[in-house]
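Here is how names work: the chains are called A, B, and so on, in the same order as the sequence lines, proteins then strands, and each is numbered from 1.
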Amino acid sequence: MRKILLLAIIALFVQIGFGQIKVAPLNIKQRTLPNGMKVVSVQDNSAPTVAIHVWYNVGSKDDPNGRSGFAHMFEHMMFKSTKNMPNEKMDRLTEDVGGYNKTSTYDDFTKYYEVGPSKYLETLLWAEADRMVNLNVDEKNFASERDVVKEEFRQRILANPYGMLFGQYLEKLSFTTHPYKRPGIGNLEELQAATVEDANNFYKTYYRPDNAVLIVVGDFEQAQFDAWTDKYFGKIVTNKMAIPRVTEVEPERTEEKRFTQTSPNVPFPAVAITYLAPTSKSEDIPALRIAETILASGESSRLYQSMARTGIAQEASFYTDIRVDKGLLVFYAIASEGKTAEDLEKGILTELRKIQNAFVSQNELVKAKNQLITRTLQERETNDGKAGAIERAVAYQGDPTAVNSDIQKLQNVTLADVQRVMKKYFTDKNRVVIYYQGETK
Amino acid sequence: MNEEFRKTAPAPLAPIPFRIPAPFETSLANGLKIIIFEDKRFPLVSFRLAFRIGKIYEAENQTGLSSAVASMLNEGTLNYTSKELAEKIERLGASIGASSGSDNSMVSASVLSFYSAEIIDLMAEMILKPTFPESELNLYKENLIEGLKFQRSQASFLVDEQVSRIIFGEHPYHKTSPKIKDVENISREKLISLHKRNYIPNIATLIIVGDVERKSLLKQIEEKFGGWQKGSFEEKQFPSLPERSKRTLTIVDRKGSAQANIVLANPAINRTHPDYFAVLMMNQILGAGASSRLFMNLREEKSYTYGAYSSFDMRRLAGAFEASSEVRTAVTGESLHEFFYELDRIRDETVSEDELQDAKNYLTGVFPLRAETQEGLTNLLVSQQLNDLPEDYLQTYRDNVNAVTNEDVNRVANKYVMPEKLAIVIVGDAEEVLPQVREYAENIEIFDTEGNLQDISNYGKIMEEPKINISGAWELTLNFQGQKIPVKLKAEQTETTFAGTLETMFGNGKIENGKVSGNEFSGTAVTEMQGQSLELGIAGTIENDTIEGAIDAPMLPIPLEFTGKKIS
């Protein structure tokens, strides 16, 4: 009894402490240009650097039929020449001036971003605008970039012993209807089949101002920045063609499905168990994120303690893969020496039942909130981190200012919320179980 | 759409200066050095407690021991169990990690500034009072052994293992990973003794960056670490790196690999060498990034790979130059050709002023980004402290970069990039790789993924120029337990390959993949026997019109020898 009281006091103390840490809201300015392009900016002159993100509302789910992997391959083409820039000019404009640039193609969107000295902001806005409107796709560039993407596939999927599981089978076997069932990296056959014409159509269809959001965070003067966006982006004429959108809805699952897959060079068996997640705007997301942290973040987490520390698994985890449409909730584990896929499945399902059958402790709830708030703060240290957080708010919640209420939503999650969502989305009838092991010789 | 203003890039604004102020420095009576950098931008703090001692101080039969000590620091202390420690740290939303590198060992932590006092307590507990419980050690060893097996499935590990062995030789920098027997030898007593010897304040530096109040922080550090007893530490002398007199080729045979991992390496400089900045610049131009020559050539022009890079591994006592790429197997030879072209070019031609200026812009420009976060700034301070760099290193970094000339770049390229003495290491399917690359070195060795040396003649045969022509029909006599069995071979040779048929009393087999090398030939005939497909291996030599060799089949205990002659 005394011990319980003591724990309660500690929990209270920690919670008070938690309450004192504030994540300052981002001072977000929003504009919509006459051509429909949205501009989001946060001025911060504390260091002479700036982050520029251009977000396009097109992702792997929009890959044309028979062209799995296309959105990602097209992302590579955006570094090729435009009417006014030679190939890879974007690399020159960032690396050669002391910055860097990156891009990623997600299932739901594609992001292009640059980080660098703020004195180059105008130059980078000019360049981003030019590749939005003046890209050249020629046969030679297309063929050579296709080979590069095929090497990316070999490096990420084939060279990695668990690449096929996480990069191919997980999505192929978890979705039946929604285009999410086609992995974003594609496959070698469909990449090979893609043509320059496909690229030009894709560019015309999706790369336009009313399908993009510009997000800039860092060192600039607002009036000057607004004038630059008017000049370089505001004058781009958008085409009026309707943008095709994914309409397929992944049906709810009604029975368990089981698969066994093999690959060469897999040293230990692995298991993935997937469930369908709610869509990104669901009110249940914060509680799922808390559950994710309790189950799988750090050495004190439940899965680590019950599976890794007991010698069943080398690694055991759970993650929420939240997407605009229904995404995935994924448990996975890689076996310890001598353990089987069956052992892993049993261990995972035991933990799942535990979190469904009883409240997590108050202590675990506070711990999860502290971990998430610390991570948020660390992300907000950089201009790029802030811009990325805004970008996720745009992509998943349709509102950049949602970035300022995320923390409060996490803080509002209760013990009962965690139990409720774990019961709601995880049943014996809606899971897909994938066993993955080495090819027997 | 191409208005005038789109045709040329706007010019940048005037540069803005960036300075890192000097941090506060002090030390305790026991020798613990303390560096504090107050940064109030965010309510976060980063900690490093770094010891100037690492894996190279392990005895040769104790490989892995310093990593074991570091990893076990949070697995049980005088006051807390492993689980309690994890619970306490994570409840604060914090993280604490410990690791041991070749030159240093380090405990790192980051936390909300509100909890910095708690984290210092926990760090002190881990560093001063670990108990290394037997049960936790056993779990650590089991997991590590599994990890060692796992890493052998990864090409990147296999390539590093060979590069370190070849470049560092007897110098303990060759250590990449313990062997299973090393792990089995780790005992609680050995951990306790190494901890006592190495975790001493007089070789340690505590670096703190973030939102802290210096005065109260120092008071707490004195309370927690003031009573920590000094120890003795003596710098050791280590063997020098092996002299390289010529190029070598090492292949790790990872059968079925979709790609070849290529690394080209030679010994270079340590971290405090006066050529550091010139080397940094040269490497930036040659292969550090996506604007560098190797990437532009192998990826952007040739599409051989997703990326190609070069780097200098510069440690406290020695270092190495490395160029690397993962390429599709079929272009391994062409990729080496391009690597050598670029390595020769950076040595033979002076780099242009533009290239030099771009590299300077990059290195001076990303420097503020590296210092943007508290963790980033902490890492810069750690590197300065542990590598004995000058006090004003961070403040003068950008000036030092700007002072490098293209003559410097040319000079260090000729000094530290040695195409004629490179160690070429390739992890991939040896059968496919070897013929493409064997011309690059006279000394060739092949290992399997477990690190066992292989008989190169098993791989080498396929590349010799054929000295024979197997085309035609041959009558062979098989010796089967004293019985003579007739077999007919018909073949059609094209350069180094041949196709044909093998007619036996069991049935006829078709040969599609025959190979000819020197005066030897080999191939596989697929035949049908009682409804099952059966593979017959045939190999032998030819001299004028006579043939001899052996035929092998899965059900035979030893291959059946044959002799024969050409009949048409």
Side-chain angles (χ1 to χ4, degrees), chain A residues 14 17 20-21 46-49 83-84 87-88 91-92 95-100 115-117 119-120 122-123 126-127 130 133-134 144 147-148 151-152 154-155 158-159 161 231 235-237 264-265 267-268 298-300 305 309 311 314 336-337 363 366-367 370-371 373-374 377-378 381-382, chain B residues 1-3 5-7 9-10 12-16 18 41-44 83 86-87 90-94 110-112 114-115 139 142-143 145-147 149-150 153-155 256-259 289-291 299-300 303-306 326-328 358 361-366 368-369 372-374:
Chain A
V14 172
Q20 288 179 0
I21 301 290
S46 62
T49 60
K83 275 186 196 158
N84 303 302
N87 285 349
E88 283 89 41
D91 290 338
R92 306 291 88 73
E95 296 205 351
D96 294 353
V97 305
Y100 58 85
V115 175
K119 63 176 173 164
Y120 289 96
E122 185 187 3
T123 318
W126 167 82
D130 202 46
V133 66
N134 281 330
S144 84
D147 282 346
V148 169
E151 280 324 286
E152 185 178 354
R154 291 192 180 98
Q155 189 169 327
L158 300 182
K231 177 173 173 186
K235 294 184 178 152
I236 298 174
V237 179
N265 291 320
F268 301 96
E299 289 196 6
S300 70
Q305 286 292 330
R309 266 187 67 83
Q314 302 191 43
S336 292
E337 181 89 53
N363 201 29
V366 170
K367 181 174 72 178
N370 266 344
Q371 288 182 333
I373 200 172
T374 306
L377 268 170
Q378 283 166 341
E381 277 191 278
T382 64
Chain B
M1 186 166 316
N2 212 6
E3 302 94 326
F5 65 82
R6 293 199 197 278
K7 291 186 178 161
L13 304 177
I16 302 162
F18 172 82
R41 288 173 303 169
F42 283 86
L44 295 166
K83 191 178 176 184
E87 188 65 44
E90 285 161 16
R91 196 170 54 206
L92 306 175
S110 63
V111 67
L112 296 170
F114 184 77
Y115 297 129
L139 182 64
E142 276 168 34
N143 290 341
I145 288 172
E146 280 162 11
K149 290 180 185 165
F150 175 72
S153 68
Q154 294 189 300
S257 291
Q259 290 182 310
S291 292
R299 168 167 159 160
E300 298 299 353
S303 308
Y304 291 160
T305 175
Y306 186 49
E326 293 163 46
V327 304
R328 64 177 184 277
D358 287 345
N361 289 346
Y362 176 78
L363 290 169
T364 55
V366 292
L369 297 175
E372 194 178 16
T373 62
Q374 289 173 358

How many angstroms lie between atom [atom1] of [X] and atom [atom2] of [Y], to the nearest 0.5 angstrom?
X: A/Glu299; Y: B/Lys83; atom1: CD; atom2: NZ; result: 12.5 Å
X: A/Thr49; Y: B/Leu369; atom1: OG1; atom2: CG; result: 6.0 Å
X: A/Gln378; Y: B/Leu112; atom1: CD; atom2: CG; result: 8.0 Å

I'd like to know if B/Glu3 and A/Lys235 make a salt bridge, using a cut-off of under 4.0 Å between side-chain N and carboxylate O.
no
In terms of heavy-atom proximity below 4.5 Å to chain A, should [X] be classed as side chain, backbone, both, or neither?
X: B/Leu44; result: side chain
X: B/Thr373; result: both
X: B/Ala9; result: both
X: B/Gln259; result: side chain
X: B/Ser153; result: both

If we ignore hydrogens and angles and just use 3.5 Å, is the side chain of [X] paired with the main-chain N or O of [Y] as donor and acceptor?
X: A/Glu122; Y: B/Pro10; value: no
X: A/Glu381; Y: B/Phe42; value: no
X: A/Glu337; Y: B/Glu146; value: no
X: A/Glu95; Y: B/Ser291; value: yes

Top of B/Arg299, B/Glu142, B/Arg41 for chain A proximity - count of heavy-atom pairs under 4.5 angstrom:
B/Arg299
What residue in B/Glu90, B/Lys149, B/Glu300 has the most heavy-atom pairs under 4.5 Å with chain A?
B/Glu90
Who pairs with A/Glu152 by salt bridge (Lys or Arg N to Asp or Glu O under 4.0 Å), at least two apart in sequence or on another chain?
A/Arg156
Residue set satisfying salt bridge (Lys or Arg N to Asp or Glu O under 4.0 Å) with B/Glu87, at least two apart, ordered chain then number -> A/Lys367
Only pairs of heavy atoms separated by less than 4.5 Å count here; which of A/Pro264, A/Ser336, A/Ser46, A/Gly116 has the most with chain B?
A/Ser336
Using a cut-off of under 4.5 Å for heavy-atom pairs, which of A/Leu158, A/Val237, A/Thr382 has the most such pairs with chain B?
A/Thr382
Contact summary for [X] and [Y], nearest pair of heavy atoms:
X: B/Phe5; Y: A/Trp126; result: O-NE1, 3.4 Å
X: B/Arg91; Y: A/Asn370; result: O-ND2, 2.6 Å
X: B/Asn361; Y: A/Asp96; result: CB-O, 2.6 Å
X: B/Leu139; Y: A/Gly311; result: CD1-N, 4.4 Å
X: B/Lys7; Y: A/Asn84; result: CA-OD1, 3.4 Å

Show, in sequence, the C-alpha distance, side-chain angles and deciding distance for B/Arg328 and A/Arg154, and conclude whether the side chain to side chain contact (heavy atoms under 4.5 Å, CB included) test is met.
CA-CA 8 Å; B/Arg328 64 177 184 277; A/Arg154 291 192 180 98; 3.8 Å; yes
Where does [X] contact chain B at under 4.5 Å (heavy atoms): side chain, backbone, both or neither?
X: A/Asp91; result: both
X: A/Pro161; result: side chain
X: A/Ala159; result: both
X: A/Gln155; result: both
X: A/Glu88; result: side chain

If you apply the rule side chain to side chain contact (heavy atoms under 4.5 Å, CB included), what do you find for B/Tyr306 with A/Val148, and how did you get there?
CA-CA 5 Å; B/Tyr306 186 49; A/Val148 169; 4.0 Å; yes
